[in-house]
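These notes concern the structure reproduced below.
Chain naming here is simple, since letters A, B, ... match the order of the sequence lines and numbering starts at 1 in each. In this text, all values refer to a predicted model and were calculated from it rather than measured experimentally.
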Amino acid sequence: MRDKYCGDVRETDVGSTLSLTGWANRWRDHGGLVFIDLRDRSGVVQIVFSPEVDAEIHELAHKIRNEFVLQVKGEVRKRPEGTENPSIPTGQVEVVVKELNVLNESKPLPFMIEDETEASELLRLRHRYLDLRRPVIRENIILRHKTARAVREYLDSQGFLEVETPVLTKSTPEGARDYLVASRTNPGHFYALPQSPQLFKQILMVSGLEKYYQIVKCFRDEDLRADRQPEFTQIDLEMSFVKRDDVISLIDEMIKKVFKDVLGKELNEPFARLKYSEAMERFGSDKPDLRFSLELKDVSGLVKESSFKVFLDTLSNGGIVKGLNAKGLARYSRKELDDLTKEVQSFGAKGLAWIKAKKGFESPIAKFFPEQTLKAVADRLEAEEGDLMLFVADKPQVVNDTLARLRQELGGRLELIKDDVYKLAWITDYPLFEWNDEEKRYEAMHHPFTSPMEEDLEMFLSMDTSELQTPDSKLSSIQAQAYDIVLNGYEIGGGSIRIHKKAVQDRMFEMLKISPEEADTKFGFLLEALEYGAPPHGGIALGLDRLVMILAGAQSIRDVIAFPKTQKAVCPLSNAPSSVDEKQLKELHIRSLHVEPDQD
RNA sequence: GGGGUGGUAGUUCAGCUGGUUAGAACGCUGGCCUGUCAAGCCAGAGGUCGCGGGUUCAAGUCCCGUCCACCCCGCCA
């Protein structure tokens, strides 16, 4: 139906007659001349209707409205001197229409098709087909395609096989809440949608496929965030006969190719490597945004020299005091400091102590500290006149967590975060276990198939299991062969070297207080597979949505997903989820406990 | 489950200490207009003020409840 895409028409086409198709993006009707921007996926080109060229077609052109679908045939000509539009690629030319075919009409739109839309997100999602016509969103979708393509090309070049794994699968314990699918043929039984293809990809390694990957939907029935959807896409891969650094260097190269292919950007400096403990110490987070420093400093040792009860009590109860230097913010008013305090409290801290470095030190708590202590603290934080020092005292976890959030907030306020800068980091040497205080047991920090560090293996296998009752046992010192990759403060991926020996896996379940019977029902198929010559293997999964969001400079993964869901996990376009017929439920052997409220 | 912000024309918003005819811009409809590209000018249509209840002579405005959207905590790697 067409000879060319609208956005591709150039001066080299001048003189030729072209058929073009697209949508009427905007029309400018002068009574005499009518200009219409014809838009397709590639961009826009101006088409002109003149009464002198064809009076009948010109008459028809008056009737064209926004988003009418047109096919036109006309001669490309250079625009008259002075009427060129340098702001669009096709701005030197226009198409004089000699044939017009209105392929479809459009009702007036609920919102305008333009980049700077003012429409609410709900309205945009309800009419996503219109939203996707907006160039910014369209470009995000194209960017996503390019990312996936770069990944496929790269992994293919490295000998990876794309293998599909089941979507109707088995509910697994630990981790997120499952989406369940009732089985018609097996009354009372349910499939779960996969939270990840974890078990299957390990089985593929036992199968001898050596290198597997998949760009695959995963499902987790948890509450949503700007960077979390109930269904999301992972770049999932697994390799046999590898060590941690084999996986890391593979992904390094893959990420570099993605940046090059998608953004045309060379990532030259090697990605940072931080041990988990170091990341927590310096940034209070295992996904630090390394685009700025603003590091946390432990001042526990220094502030012992004081009579400030809050700090002293915290320290004697095993807590710590850490602070950071908000450069130049000594000018903050009492109100601004109160607001920061409230913010930190909303993150879980009891309070926020502040000391302004001016000629002297200005602070409600300064009087509790000897002068040399204040100086020593200021030295530790490298505070100069005009700076604001902020401190949180609490259990290490609370201190790190709240200061990490405060750091991110201040990074924004101090304009330390630049767009167009991409800082990648590997976080390694994670603890294998994490104490769950509610359930009074250890949980796997990554997942229960993660291998302990080789040097910790003997202790792992031999230690007294009576230690499992307490949060401070030797168990917390065992490290995992796990690694996360972090981009600009977002965790974009994580993986590990897996356990490939049955005895080690059994031991792991014992540590997690999962009985052999339970382990057998939940993932007996993997355990059995491990007994038949499972090779050493490991892998990683990257969040495609988050990666593309960052590449696109978007604020939410919803902007890089064609049909996203709202915070209540509803699709405004299709209105899923919805109620179903009683008959369908009956076939599935299930009954809903929910009673629809009366609608009088 | 909890905290915060918002919900008024098709859209984005304004609407004060409650006061009788709820406004603006864009969009839409009609007219004029031969070089616009956010076209311009003139005229017009368009409202369940999210929903339910309450207080009041009187509610977009005050109170209670509820629904929806977004951000965050919990939850989730």
Please encode protein proximity along nucleotides 72-77 of chain B as a string of B, S and -, counting only heavy-atom distances under 4.0 Å. SBBBBB
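Aromatic ring centres of A:Y483 and A:Y430: separated by at least 6.0 Å.
In this structure, of B:rA69, B:rG27, B:rG35, it is B:rA69 that holds the atom nearest to the side chain of A:V570. Taking every side-chain heavy atom of A:K568 into account, B:rA69 is the closest of B:rA69, B:rA38, B:rC33. In this structure, of B:rC70, B:rG30, B:rG27, it is B:rC70 that holds the atom nearest to the side chain of A:E121. When each of B:rC28, B:rA39, B:rU34 is scored by its nearest atom to the side-chain atoms of A:R28, the top-ranked nucleotide is B:rA39.
Residue-environment remark: NZ (A:K287) stays at or below the threshold of 12 foreign heavy atoms within 6.0 Å.
Residue A:K287 is out of contact with every strand shown, counting any heavy-atom pair closer than 4.0 Å. At a threshold of 4.0 angstrom between heavy atoms, the contacts of A:I88 with the nucleic acid are absent. Within the 4.0 angstrom heavy-atom criterion, base atoms lie near A:F35. Within 4.0 Å (heavy atoms only), A:P51 reaches at least one base atom of the nucleic acid.
Note that the SG atom of A:C218 and the CG atom of A:L544 stand 11.0 Å from one another [nearest 0.5 Å].
At a cut-off of 3.5 angstrom, counting only N and O atoms as typed in the model, there is a donor on one side and an acceptor on the other between the side-chain of A:E94 and the base of B:rG35. A donor-acceptor contact under 3.5 Å is formed by the side chain of A:R79 with the base of B:rU36.
Under the 4.0 Å criterion applied to side-chain N and carboxylate O atoms, A:R26 and A:D37 are not assigned as salt-bridge partners.
When the side-chain nitrogen and oxygen atoms of A:N66 are compared with OP1 and OP2 of B:rC28, one or more of them lie within a distance under 4.0 Å.
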